[in-house]
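Pasting in a structure now, in structure tokens, and then I'll have a few things to ask.
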Amino acid sequence: MFQLRPYQAEAKQAILTAWDEGFRKTLLVLPTGCGKTIVFSSVTETQVNKGHRVLIMAHRGELLEQAADKLKAASGIDSVLEKAESTSLGSMFPVTVGSVQSLAQAKRLARFSSDYFQDIIVDEAHHCLSDSYKNILEHFPDANILGVTATPDRGDRRNLGEFFDTLAYEYSMVDAIHEGYLSPIKAQTIPLELDIGDVGISNGDFSASDIGNVLEPYLYQIAEKMWEYCHGRKTVVFLPLIATSQKFCSILNETTGLRAAEINGKSTDRAEILSDFENGKYDVLCNSMLLTEGWDCPSVDCIIVLRPTKIRALYQQMVGRGMRLSPGKDNLLLLDFLWLSEKHDLCKPSSLISKDEQIAGIIDERMKTDTEAFDLVEAEEQAERDVLAEREGNLAKELSQMRKRKSRLVDPIQYALSIAAEDLANYVPSFAWEMAPPSEKQLAFLERRGISAESVYNAGLASLLIGKLKRRQDAGLSTPKQIRCLERYGFRQVGTWQFDDAGALISRLAQNNWRVPYGVTPALYRP
């Protein structure tokens, strides 16, 4: 049996609470490598113990097998397969692992009563927006639905908000790295310019065949650069076409000292190659988008994306293959090329950790100029501090009168900037409940904690603020009242200070008759 990590336990409880509170369709957002299958297996166990029948849906055979195996390992619960000739009808097992392609068949779906399943779990929740998934989910109108996905961008979140009632729990990639559950990422640009300005769009993404044509003249140069940057690392390369993947594998073996292997959907020896790669027989594994889901090799410590994409979830899945922890692994090296494109929705390393275009832009510029690999999270945090400081300066005039008032409360916008909270500063509601007015209970809580409720226009922002306040208290960080007090004297970003540091400076001010001590420059002061 698995012991849930703290965030996994929090996620499970949040899901069950959402269902208990009447949010029938709820979301779990976890980065690749953070154990989403473990979480929904534990949720499944709880619901089975209540006497429920549970359906776990996926769109690929590997994901169905992975879900069944993890469920058995995590909870001891056996499941039955709903796919092809195998059916769960009449089975004694309470959990069904179901193929969407099979269940979506009208005659097959009609065999199930509308109340057959009490809970439905959808892996890769963005698929819920497709007709086949909707038809299945609508067939069971009273079932609790849990959608699981990696961190969506704002556009994805709005789309998911059209189907789901609420976001039960979200755990960010940055938090997972900080707390030691995912590998740190070192980003490195390879100085090789690849022009994809003329690449067409197919099914919402860059055309794979066009990308293959663009790559073809550069494959030998890329191979040469790989020896320089990847030597001594276990590397996975994502390419747009099977033919390109096979050719690149041959070039690596012929022209470099790297031992390369290639797999694709038609490889009869796929399991053997994957095993040999994991055991060190090969240095590089080339594939044409086969390994984006359902495969884990924690020792992978270098990822090369030679299939540029505008789909953030796909980019995260590719990079996620190298983010798991492994003994002796210090970091993941993410190699990026100078993709020349006027299309501004191209996913880059900054896309992994920042949803703010200005912050992502600063990281992108650094990647163009830095000749050495740099820590992606540290770069994001510095860019975030710089951007929020700039925004704080722009708001200074607007808020100057507010600071001079003898109000005992802090404006939410200023609070977001002071604690360097990008998600709070850029918050936009996605779900129906978030758009509703804040409750009296929420407003009262915020005012007790020193936040002015005048600018809190919806329940979603109130909920986000309350969550921030509680987590900051647990982490021993400064309170809104300390922030208000010190920022009135011109001290900046007090929200990033520790509670004790802020308290010590306030005591110092009080002892100095509420004057700034000699030699202290508030705008530059840091504890």
Side-chain angles (χ1 to χ4, degrees), residues 5-7 10 170-182 184 353-354 356 359 375-393 395-396 399 402-403 407-427 445-452 463-527:
R5 296 168 175 173
Y7 70 85
E10 290 174 7
E170 180 172 12
Y171 189 60
S172 75
M173 181 180 291
V174 173
D175 286 339
I177 292 171
H178 275 313
E179 294 175 11
Y181 295 115
L182 288 180
I353 55 173
S354 181
D356 184 285
I359 293 171
D375 188 281
L376 197 56
V377 169
E378 290 178 1
E380 190 269 345
E381 290 172 346
Q382 182 58 55
E384 183 179 86
R385 285 194 293 269
D386 293 344
V387 167
L388 293 177
E390 179 184 338
R391 293 176 186 171
E392 186 179 33
L395 281 171
L399 296 171
M402 181 184 302
R403 284 175 174 163
S407 170
R408 59 186 182 83
L409 303 175
V410 178
D411 179 79
I413 299 173
Q414 179 61 25
Y415 181 63
L417 296 171
S418 182
I419 65 174
E422 173 199 336
D423 56 343
L424 195 56
N426 295 322
Y427 174 76
F445 180 93
L446 291 173
E447 294 207 345
R448 283 199 306 272
R449 294 297 184 95
I451 297 291
S452 171
S463 178
L464 186 58
L465 278 163
I466 289 169
K468 292 280 185 191
L469 288 164
K470 289 180 177 178
R471 285 191 292 274
R472 286 176 57 80
Q473 181 178 351
D474 292 341
L477 294 169
S478 56
T479 68
K481 292 178 181 178
Q482 289 177 322
I483 293 170
R484 181 196 65 83
C485 174
L486 292 173
E487 289 190 344
R488 284 179 60 195
Y489 287 88
F491 293 94
R492 309 299 289 272
Q493 296 185 347
V494 183
T496 61
W497 299 9
Q498 291 293 311
F499 174 86
D500 290 342
D501 292 332
L505 184 56
I506 291 172
S507 296
R508 223 177 135 186
L509 288 168
Q511 292 167 6
N512 201 42
N513 294 319
W514 297 105
R515 292 192 300 269
V516 176
Y518 178 76
V520 173
T521 304
L524 302 177
Y525 179 85
R526 294 292 181 273

pair Leu477-Thr496: side-chain heavy atoms closer than 4.5 Å: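 A side-chain contact under 4.5 Å is absent here.
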Rounded distance (nearest 0.5 Å) linking atom CD1 of Ile451 with atom NZ of Lys481: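 Reported to 0.5 Å precision, the distance equals 10.5 Å.
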Test item: Asp375 side-chain N/O and Val377 main-chain N/O as donor-acceptor pair under 3.5 Å: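 Judged by distance alone, yes, a pair lies under 3.5 Å.
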Exercise answer: donor-acceptor pairs, residues 502-511 side-chain atoms, under 3.5 Å, sequence neighbours excluded:
from   : atom 1 : to     : atom 2 : distance (Å)
Ser507 : OG     : Gly503 : O      : 3.1

Gap separating the CZ atom of Arg526 from the CD atom of Gln493, nearest 0.5 angstrom: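 Rounded to the nearest 0.5 Å, the CZ-CD separation comes to 5.5 Å.
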Distance (rounded to the nearest 0.5 Å) between Leu465 CG and Arg449 CZ: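 Going from the CG atom of Leu465 to the CZ atom of Arg449 covers 12.0 Å.
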Nearest heavy-atom neighbours spanning Gly495 and Ile419: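 Looking at all heavy atoms of both residues, the shortest contact is CA-CG2, 3.6 Å.
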Check: Gln482 side chain, Phe499 main-chain N or O, donor-acceptor pair, under 3.5 Å: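 Yes.
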For Asp175, side chain to side chain donor-acceptor pair (under 3.5 Å) partners two or more places apart: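 Counting only residues at least two positions away or on another chain, Asp175 forms a side chain to side chain donor-acceptor pair (under 3.5 Å) with Ser172.
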CD1 on Ile353 to CE on Met173, rounded to 0.5 Å: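 Spacing of CE (Met173) from CD1 (Ile353) equals 8.5 Å.
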Pairs of donor and acceptor atoms involving the side chains of residues 378-385, under 3.5 Å and at least two apart or interchain, shall be tabulated with distances.
from   : atom 1 : to     : atom 2 : distance (Å)
Glu381 : OE2    : His178 : NE2    : 2.3
Gln382 : OE1    : Arg385 : NH2    : 2.9
Gln382 : NE2    : Asp386 : OD1    : 2.8
Gln382 : NE2    : Asp386 : OD2    : 3.4

Ring pair (Phe, Tyr, Trp, His ring centres under 6.0 Å) involving Tyr525 - partner list, sequence neighbours excluded: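 Counting only residues at least two positions away or on another chain, Tyr525 forms a ring pair (Phe, Tyr, Trp, His ring centres under 6.0 Å) with Phe491, Trp497.
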Side-chain heavy-atom pair Pro412, Leu424 within 4.5 angstrom cut-off: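 Of all side-chain heavy-atom pairs linking Leu424 with Pro412, none is under 4.5 Å.
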Residues forming a side chain to side chain donor-acceptor pair (under 3.5 Å) with Arg472, sequence neighbours excluded: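 Tyr415, Ser478.
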CA sep, side-chain torsions, deciding dist, call: Arg488, Trp514, side chain to side chain contact (heavy atoms under 4.5 Å, CB included): CA-CA 11 Å; Arg488 284 179 60 195; Trp514 297 105; over 6 Å; no
Set of side chain to side chain donor-acceptor pair (under 3.5 Å) partners for Glu179, sequence neighbours left out: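 Partners of Glu179 by the side chain to side chain donor-acceptor pair (under 3.5 Å) criterion, ordered by chain and then number, come out as Tyr171.
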Within-4.5 Å side-chain heavy-atom neighbours: Leu376 and Ile177: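 Of all side-chain heavy-atom pairs linking Ile177 with Leu376, none is under 4.5 Å.
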By ring pair (Phe, Tyr, Trp, His ring centres under 6.0 Å) - contacts of Tyr489 (at least two apart):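 Listed in chain order: nothing, the list is empty.
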